[in-house]
Amino acid sequence: MLEISRTLLEEIRALAAAEPGREVCGLLFGDEDRITAYDPADNVAEAPERTFEIDPRALFAALRAERQGGPRLVGHYHSHPSGDVTPSACDAAMAEPGRLWLIVSGGDARLWQAGSTGALHGRFSPVTFKTCDP
Ligand SMILES: [Zn+2]
């Protein structure tokens with residue numbers, strides 16, 4: 001089962017709680033078994049209170065670093081001020097197959113795999129995970 005660092009999850013929840021009126025977002029790093037690091041990014045969406053767009057400069061910098069042997073980008077996270085940790089139709093419209101999507105809201109967190117098919121919006125499949133130390 002995929003593991004997420006407990007500290008990472010708590011810190012991302014705290015970032016979301018600090019900005020309850022808008023979606024916060026960032027990048028996730030690790031491998032196929034574990035999400036071990038994250039990097040907050042600016043939400044540059046036009047309506048950040050109900051959608052998100054990761055600052056492309058942060059995304060390209062991470063992809064460049066990965067190519068040069070840096071941490072592997074496995075997906076990204078964002079928050080939903082609504083309280084619902086299900087991907088929205090808007091999320092589905094921009095889902096790139098192959099990435100993990102972590103959605104947090106309040107004390108809740110869910111992980112999704114974006115694909116060319118999926119149970120939700122034809123794009124997302126739920127991924128079970130457990131937290132690990134640290
Ligand atoms: Zn969303």
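Source: prediction; values computed, not measured. Below, all heavy atoms of this structure are taken into account, side chains as well, without hydrogens, waters or symmetry copies. Counting convention: from 1, in listed order, for ligands and their atoms alike.
- Linking ILVMFWY side-chain heavy atoms closer than 4.5 Å, directly or via other members, places V24 and W101 in two distinct hydrophobic clusters.
- Note on Y77 and I54: separate hydrophobic clusters, where clusters join Ile, Leu, Val, Met, Phe, Trp and Tyr whose side-chain heavy atoms are under 4.5 Å apart, directly or indirectly.
- When distances to the Zn ion (ligand 1) are checked against a cut-off of 2.8 Å, C90 contributes no N, O or S atom below that limit.
- Of all N/O/S atoms in H78, NE2 sits nearest the Zn ion (ligand 1).
- Residues V104 and F124 do not share a hydrophobic cluster, clusters being chains of Ile/Leu/Val/Met/Phe/Trp/Tyr side chains in contact below 4.5 Å.
- D91 contributes OD2 as its N, O or S atom closest to the Zn ion (ligand 1).
- Partners of R110 under the salt bridge (Lys or Arg N to Asp or Glu O under 4.0 Å) rule, at least two apart in sequence or in another chain, do not exist in this structure.
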